[in-house]
Amino acid sequence: MKKPLLSEMTLREKIGQMLAPMHWDVYGKVEMEYDYSQSDIKDVKAIYEKEQFGVIRGEQVGVFYADPENEGQVEKIEGYVEGNLLANFTVKVNSAPYKKFIEKHNTYGKIPLLVGGDFGVGSAHVFKDGSWIVNANAIGAADSEELTFELGAAIARQMKCTGHNWRWCPPVDLGNRNNNMCMRTFAIDDVDRTIRLSKAYIKGMQSEGVAACAKHFPSEGRIEARDAHLSATSNTDSIETWWSEQGKVFKEMIDGGVYSVMVGHQSFPAVDDRKVDGRYVPSTISKKVITDLLKGELGFKGVVVTDGIGMAALFSLFPYEQLIVELVNAGNDIILGAKLPSGDIIEAAVLDGRISEERINDACQRVLDMKEKIGLFDDDYGVLSYTMEEAVADTLKISEEIAKRSITLVRDRYNLLPLNKKDIKKVSVIISTHADGFVYELEELKKAFNERGIEVYMQRRLKSALELKEISDNSDLIIYAADVHMHAPAGYLRLFGDEAYTYYHAFNHGKEKSIGVSFGYPYVHYDTMENAPVFINAYNTRPETMKAFVAAILGEIEIVGKTPVLIEPRVNSR
C-alpha cells in the first residue's frame, strides 16, 4: 500500500499511530496470565476501528487463545523449565499461526501495525518452535562484531516469522553492578565495546526489516541501584560525565542509524530539576530530556517510545488523564502500554489546546517514516524466503559460537586449568541460586561431563564444613555453580539467606581442586566467592554455555572471553 500522507489522515488516525496498547487490554483481559477464555471478536474489531492503533505489544500469547478462531490450540506443558523459572505449566504457540493472527489484526485498521517486543534472549519464551540465545554479557565477552551482527539478523528473522517487526533492543545503559543493566548491556564498563557491538546488533536487526531500539535514554547512571519497575529512580551523573560516557553511546547509536530510542522513567536532575510531589520528574515526562536533549542536541530524527508506562517509577505520579498529556507534550512519539481511553484523552487535549496538533503531526510522521524504513508499506513485506526452522538453526549455530568465545577466566591462583581429563573421574557440583529452575538446567552440565565418562554428583547448598569434607574426599573436582539474575526474585542482585550461607563453609576442604563459576550475575566472584582459587564467568544458563564451560575447563577449547565488566567494581556502585 502507499505510505499515507498526514493531509490524508484524520486527527484520530494520527493519534492512533502514537498508541501502543497491551494486547490483553484490547481483548478485555487484565494482565493476562493463564486466562484463555474467549473474547468477543466484534468488540476487538470495534476497538481497532475506533482507535486505529499504530502499534501493539506482541509476545502476549494469551490473546491468541482468547480469539475464538484459535479455540482448541492451547497446549499446556507440565513442569516445563522456562529460562530459570520452573512454572507449573507454560503455554506457547507456534510461529506460523501467530503470524496469521497478527496479519488478521492488520485488516482491522487502515495502516499496517508495528508489532513490538523485547525478545531479549530469543523467541522461545512465547514460541514453541523458537529458540533461546545467550545473553548480552556473553555477547560482550565474545566481543565479535561479525557474530553480533549475525545474531541480530537471525533473531530478526525469527521475529518476522512470528509477525513481529519492532524489537525493543539493545539496552545500551552504562550502569553499575547493583543495577540489572549490568547483565543486559554488552559491556557496561567498556564504552567503546558497547558502542561497537550495539551498532553491529542494530545493523543486523535492521538489515532484516526489523526496527531496533536503543534504550533506556538517558540511562540510570553510575550509582542508581533501584529498579524502575518497583520504585522511582534517578540518574545522578553530572552533565559532563553523562556526555563523556552515556551521551557518547547514544550519539553513536543515533549516528549509526538506529530507528528508535526508548526513554526510561529515571529522573535526570542535571538536565531537568523540576519536581512533582517532592521528587524529580521522570525522563519520560521531561520536555528538557526528550525534546531538548534527545531530539535537539543529539539530533535524533527517529521514533521516541516510552518504556512501559505501568511501571512504578511513573504511573502513580499523576492522574492518568494528566499523565497522557504530559507524555505527549514531553516529546514521546509512541506511548507503550497506553490504556484504551488514551485516544479520547489526547483528542480532547488537542481540541482544547493543551496539546498542539503540530506535536501530533511530528509524532505520527516519525512513526510512518519508521514503518516505511522497515518496508511495511511494501506489498511483499510479509512474504519470507526462509522458514522458522531455518531461522532457528542459524540462530543456534551463532549462539553456540558466541558461547564458546564468551567463557571468561576471572582468576586461576593455582594454575589449575586446563584440567587433565584422565585425572577427573567424579565431579561434585554445589548449587547456589534463588531460581529453582537452575537446578534442572544444570542437567546439561551433568550430561556434558557424562559424555566424557565423568560421574557427576549435584546438591543444593552446603550445611557444614563436615559435609564438604565428605564431598571433597569423594570427588576429583568440586564446582561451585551459582546463578543470580534479574527478577528471580525481584530486587537486589545478590545471593542471600541459605544460598549465601553456603560460602561460610565453602573452600574449607578441597580448595586445591575447586572451581567457582557464575552462570549469571558477573560479580558473584567478588560478592560471594572471593575464596574460590579458580573462577569463571559463563554469564547465562543456556545449554550451549554449559557445554562450552565443560570443554573450556578440560582444555578442549581455549578460554578467550574478555570480561564485559570491571573485575574490581566501582567503589561508588555499592
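Only a predicted model underlies this, so the values are computations on that prediction, with no experimental measurement involved.
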Undergrad: Check for a donor-acceptor pair, side chain of K92 on one end and backbone N or O of A124 on the other, with a separation under 3.5 Å.
TA: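 The answer is yes, because a donor-acceptor pair under 3.5 Å joins these two groups.
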Undergrad: Out of V429, D498, D436, which one pairs with R460 under the side chain to side chain contact (heavy atoms under 4.5 Å, CB included) rule?
TA: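 Between R460 and the candidates, side chain to side chain contact (heavy atoms under 4.5 Å, CB included) is satisfied uniquely by D436.
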Undergrad: Which of parallel (below 30°), tilted (30 to 60°) and perpendicular (above 60°) describes F496 and H434?
TA: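 The rings of F496 and H434 lie parallel, inter-plane angle below 30°.
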Undergrad: Under the side-chain hydrogen bond (donor to acceptor under 3.5 Å, both in side chains) criterion, do S518 and Y523 qualify, and how do the steps go?
TA: CA-CA 8 Å; S518 173; Y523 292 107; over 6 Å; no
Undergrad: Who passes ring pair (Phe, Tyr, Trp, His ring centres under 6.0 Å) against Y98, sequence neighbours left out?
TA: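 Listed in chain order: F101, F127, H164.
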Undergrad: Can you list the residues that meet the side chain to side chain contact (heavy atoms under 4.5 Å, CB included) rule with S39, with sequence neighbours excluded?
TA: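 Counting only residues at least two positions away or on another chain, S39 forms a side chain to side chain contact (heavy atoms under 4.5 Å, CB included) with Y27, K29, A66.
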Undergrad: Using side chain to side chain contact (heavy atoms under 4.5 Å, CB included) as the criterion, list what pairs up with D378, not counting sequence neighbours.
TA: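 Listed in chain order: D380.
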Undergrad: Listed by chain and number, what are the ring pair (Phe, Tyr, Trp, His ring centres under 6.0 Å) partners of F186, not counting sequence neighbours?
TA: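 By the ring pair (Phe, Tyr, Trp, His ring centres under 6.0 Å) rule, F186 matches Y201.
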Undergrad: Distance from E441 atom CD to D483 atom CG, nearest 0.5 Å?
TA: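 One finds 7.0 Å between CD of E441 and CG of D483.
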Undergrad: What pairs with T284 under side-chain hydrogen bond (donor to acceptor under 3.5 Å, both in side chains), at least two apart in sequence or on another chain?
TA: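 T284: side-chain hydrogen bond (donor to acceptor under 3.5 Å, both in side chains) contacts with H265.
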Undergrad: Just by modelled atom types, is the H125 backbone N or O under 3.5 Å from a matching donor or acceptor in the E59 side chain?
TA: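 No, E59 side chain to H125 backbone: no donor-acceptor pair under 3.5 Å.
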Undergrad: Counting only N and O atoms by type, is there a donor-acceptor contact under 3.5 Å from the side chain of D333 to the main-chain atoms of V303?
TA: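 Such a contact is absent between D333 side chain and V303 backbone.
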Undergrad: Do V26 and V63 have side chains that get closer than 4.5 Å, going by heavy atoms?
TA: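 No, side chains not in contact.
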Undergrad: Any donor and acceptor pair, going by atom type alone, linking the side chain of R167 with main-chain N or O of D118 inside 3.5 Å?
TA: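 Such a contact is found between R167 side chain and D118 backbone.
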Undergrad: For a 4.5 angstrom cut-off between non-hydrogen side-chain atoms, does M388 reach T162?
TA: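 Yes, their side chains come closer than 4.5 Å.
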Undergrad: Going by side chain to side chain contact (heavy atoms under 4.5 Å, CB included), name the residues that satisfy it together with C213, two or more places apart in sequence or in a different chain.
TA: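 Side chain to side chain contact (heavy atoms under 4.5 Å, CB included) list for C213, sorted by chain: W166, W168, S260, M262, V305.
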Undergrad: With Y48, which residues qualify under side-chain hydrogen bond (donor to acceptor under 3.5 Å, both in side chains), at least two apart?
TA: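 Y48: side-chain hydrogen bond (donor to acceptor under 3.5 Å, both in side chains) contacts with H23.
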Undergrad: If only atom types and distance count, is the side chain of K99 paired as donor or acceptor with the main-chain N or O of G382 below 3.5 Å?
TA: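 Yes; at least one donor-acceptor contact below 3.5 Å.
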Undergrad: Restricting to ring pair (Phe, Tyr, Trp, His ring centres under 6.0 Å), what partner residues turn up for F377, sequence neighbours left out?
TA: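 So F377 forms no ring pair (Phe, Tyr, Trp, His ring centres under 6.0 Å) with any residue.
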Undergrad: Just checking, is any N or O donor in the side chain of N332 or T306 under 3.5 Å from an acceptor N or O on the other one?
TA: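 Looking only at side-chain atoms, T306 and N332 do not form any donor-acceptor pair under 3.5 Å.
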Undergrad: Taking D173 for the side chain and H216 for the main chain, is one N or O donor matched with an acceptor at less than 3.5 Å?
TA: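 Side chain of D173 to backbone of H216: a pair is present.
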Undergrad: Is there a donor-acceptor pair closer than 3.5 Å between any side-chain N or O of Q246 and the backbone N or O of L174?
TA: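 At least one qualifying donor-acceptor pair exists.
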Undergrad: Would K562 and D190 count as a salt bridge (charged side-chain N to carboxylate O under 4.0 Å, His left out) here? Give the steps.
TA: CA-CA 11 Å; K562 303 174 186 177; D190 187 335; over 6 Å; no
Undergrad: Where is the tightest heavy-atom contact between I188 and T194, given as atom of each residue plus distance?
TA: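 Heavy-atom minimum between the residues: N-OG1, 4.2 Å.
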Undergrad: Do R184 and K215 have side-chain heavy atoms sitting under 4.5 Å apart?
TA: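 When only atoms from C-beta onward are counted, K215 and R184 do touch, with a gap below 4.5 Å.
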Undergrad: Find the distance between OG1 (T185) and CG (L197) and round it off to the nearest 0.5 Å.
TA: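 T185 OG1 to L197 CG: 11.5 Å, rounded to 0.5 Å.
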Undergrad: Hey, does D25 have a side-chain heavy atom less than 4.5 Å from the side chain of K339?
TA: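 A side-chain contact under 4.5 Å exists here.
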Undergrad: Would E401 and R405 pass as an ion pair if we require N to O under 4.0 Å?
TA: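 Yes.
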Undergrad: Among residues at least two apart in sequence or on other chains, which ones pass side-chain hydrogen bond (donor to acceptor under 3.5 Å, both in side chains) with T545?
TA: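 side-chain hydrogen bond (donor to acceptor under 3.5 Å, both in side chains) list for T545, sorted by chain: N540.
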Undergrad: If I take atom CE from residue M370 and atom OH from residue Y259, how far apart are they, to the nearest 0.5 angstrom?
TA: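 It comes to 9.5 Å.
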Undergrad: Do L442 and M546 make a side-chain contact, defined as non-hydrogen atoms from C-beta onward lying under 4.5 Å apart?
TA: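 L442 vs M546: side chains touch.
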Undergrad: Provide the closest heavy-atom pair for T502 versus I430 in the form atom of the first, atom of the second, distance.
TA: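 Heavy-atom minimum between the residues: CG2-CG2, 4.2 Å.
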Undergrad: Between atom CD1 of I139 and atom OG of S399, what is the distance when rounded to the nearest 0.5 Å?
TA: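 Reported value, rounded in 0.5 Å steps: 7.5 Å.
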Undergrad: Where the side chain of N537 meets the backbone of T408, is there a donor-acceptor pair that is under 3.5 Å apart?
TA: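 Not a single qualifying donor-acceptor pair exists.
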Undergrad: How many angstroms lie between atom CE of M159 and atom SG of C169, to the nearest 0.5 angstrom?
TA: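 Rounded to the nearest 0.5 Å, the CE-SG separation comes out at 9.0 Å.
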Undergrad: Using salt bridge (Lys or Arg N to Asp or Glu O under 4.0 Å) as the criterion, list what pairs up with R196, not counting sequence neighbours.
TA: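 With neighbours one apart ignored, the set is D143, E145.
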Undergrad: Taking only residues two or more places apart in sequence or in another chain, which ones pass side chain to side chain contact (heavy atoms under 4.5 Å, CB included) with T395?
TA: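 Partners of T395 by the side chain to side chain contact (heavy atoms under 4.5 Å, CB included) criterion, ordered by chain and then number, come out as S131, I133, L151, A154, I155, Q158.
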Undergrad: Taking only residues at least two apart or on different chains, which pairs with a member in residues 200-212 satisfy salt bridge (Lys or Arg N to Asp or Glu O under 4.0 Å)?
TA: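 Applying salt bridge (Lys or Arg N to Asp or Glu O under 4.0 Å) to every pair that reaches into residues 200-212, excluding sequence neighbours, yields R157-E208.
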Undergrad: Short question: side chain of S406, backbone of A142 - any donor-acceptor pair under 3.5 Å?
TA: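 Side chain of S406 to backbone of A142, a donor-acceptor pair under 3.5 Å: no, none is there.
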